[in-house]
**Student:** 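Below is the structure I would like to discuss, written out as structure tokens.
Counting begins at 1 with the first residue of the sequence. Both ligands and their constituent atoms are indexed starting at 1 by order of listing.
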Amino acid sequence: MSPSAAATAHPMVPPIVAPSILSADFSKLDHELALADPAREWVHCDVMDNHFVPNLTFGPIVVRAARKLTRAFLDVHLMITEPARMVPEFRAAGADGITIHLEACRDVTGALEAVRAAGARTGLALKPGTPLSAAEPYLATLDLLLVMTVEPGFGGQGFMAGMMPKVREAAAWRTRHGARYLIEVDGGIAPETARTARDAGAQVFVVGQAIYRQPDARAALEALRTAVSSR
Ligand code: DX5
Ligand code: ZN
């Protein structure tokens, strides 16, 4: 199935859980990816270059493999310096959504344009220290705003509840300006913190260790689904 054909069939109606394969067992990636139901989940791919963040993970090769193993929406989170030049390759590898970091680009508008031109859903990520006001020039045309709830670079870190005002502010800005972006949170998400983030206005929930490092990953995913959808 071609990436563009796949993209139209994906869930865009929140709440959406996005298992992060950073915490998965790569020796059985097919099994780990099969956990995500393409009709309701996304698969989150953390790309790190050991420059923008102090960790090195994977590139288009792994996204291409994931594309062959799942029809789920591939939500590619680029934690790389000057991401624009790598966007076409990630899109060709099968990325459906590409999220760049505002702090990683000299030309944020140009980088977002590169994602749009490649035909992927356009996402912008903010590190904990970056205020929403820094993203304001770009919000009106985004498909996704990612509010990091940990310092990017590693899975298994503690959830930063101090980011909830930024989530609330982003939801209020969207209403005030009639924008359409989904609000995603990433880092330290588990059933309890997912509820906290949902109540602040989050709609997409990236989850690494709270799924893939649990004794029963399937049951853990079910608990997340329940946590984000029940009031
Ligand atoms: C961190 C990554 C996250 C991470 C989440 O920089 O962007 O996606 O994998 O993992 P947990 O859920 O374990 O915090
Ligand atoms: Zn991520």
**Student:** Is R213 paired with D25 through a side-chain N to carboxylate O contact shorter than 4.0 Å?
**Tutor:**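 Answer for the salt bridge query: no.
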**Student:** So, is G156 polar-close to ligand 1, with some N/O to N/O distance under 3.5 Å?
**Tutor:** yes
**Student:** Which atoms of ligand 1 are found less than 4.0 Å from any heavy atom of M48?
**Tutor:** 6 (O)
**Student:** Give the name of the N/O/S atom in D186 that lies closest to the Zn ion (ligand 2).
**Tutor:**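 Nearest to the Zn ion (ligand 2) within D186's N, O and S set: OD2.
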**Student:** Taking distance alone, with N or O pairs closer than 3.5 Å, would you say Q209 contacts ligand 1?
**Tutor:** yes
**Student:** Could you identify the single nearest non-hydrogen protein atom to atom 2 (C) of ligand 1 and state the distance to 0.1 Å?
**Tutor:**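 Here the closest protein heavy atom is D46 OD1, 3.4 Å.
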**Student:** Pick whichever of G188, G208, S20 has a heavy atom sitting closest to atom 14 (O) of ligand 1.
**Tutor:**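 Shortest heavy-atom distance from atom 14 (O) of ligand 1: G188.
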**Student:** Can you see whether H77 engages T99 through a side-chain donor-acceptor pair at a distance of less than 3.5 angstrom?
**Tutor:** no
**Student:** From the N, O or S atoms in D46, identify the one nearest to the Zn ion (ligand 2).
**Tutor:** OD1
**Student:** Would you call R225-E222 a salt bridge at under 4.0 Å N-O?
**Tutor:** yes
**Student:** Salt bridge check, R121 against D96: does any charged N sit closer than 4.0 Å to a carboxylate O?
**Tutor:** no
**Student:** On a heavy-atom basis, I'd like to know which of P152, G158, G155, A210 is closest to atom 10 (O) of ligand 1.
**Tutor:**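 Looking at heavy atoms only, G155 sits closest to atom 10 (O) of ligand 1.
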**Student:** Starting from atom 6 (O) of ligand 1, which protein heavy atom do you reach first, and at what distance in Å?
**Tutor:**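 Protein heavy atom at minimum distance: G153 N, 2.8 Å.
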**Student:** So which protein heavy atom does atom 1 (C) of ligand 1 come closest to, and at what separation?
**Tutor:** F154 O, 3.5 Å
**Student:** With a 3.5 Å cut-off and no angle check, do the side chains of D46 and H44 form a donor-acceptor pair?
**Tutor:** yes
**Student:** Would V150 count as being in polar contact with ligand 1, using the rule that some N or O on each side must be under 3.5 angstrom apart?
**Tutor:**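 No; the residue has no nitrogen or oxygen that sits under 3.5 Å from a nitrogen or oxygen of the ligand.
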**Student:** Tell me the contacting part of H44 for ligand 1: side chain, backbone, both, or neither, using a 4.0 Å heavy-atom threshold, strictly below.
**Tutor:**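 H44 to ligand 1: side-chain contact only, backbone stays beyond 4.0 Å.
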**Student:** For the 3.5 Å polar cut-off, considering only N or O atoms, please tell me whether M79 and ligand 1 meet it.
**Tutor:** no
**Student:** From M79 CE over to N50 CG, what is the distance, rounded to the nearest 0.5 angstrom?
**Tutor:**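 It is 12.5 Å, given to the nearest 0.5 Å.
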**Student:** Taking just the N, O or S atoms of H77, which one is nearest to the Zn ion (ligand 2)?
**Tutor:** ND1
**Student:** Is E82 salt-bridged to R85, cutoff N-O under 4.0 Å?
**Tutor:** no
**Student:** Compare D186, V53, T57, D75 and give the one whose heavy atom is closest to atom 8 (O) of ligand 1.
**Tutor:**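 Nearest heavy atom to atom 8 (O) of ligand 1 lies in D186.
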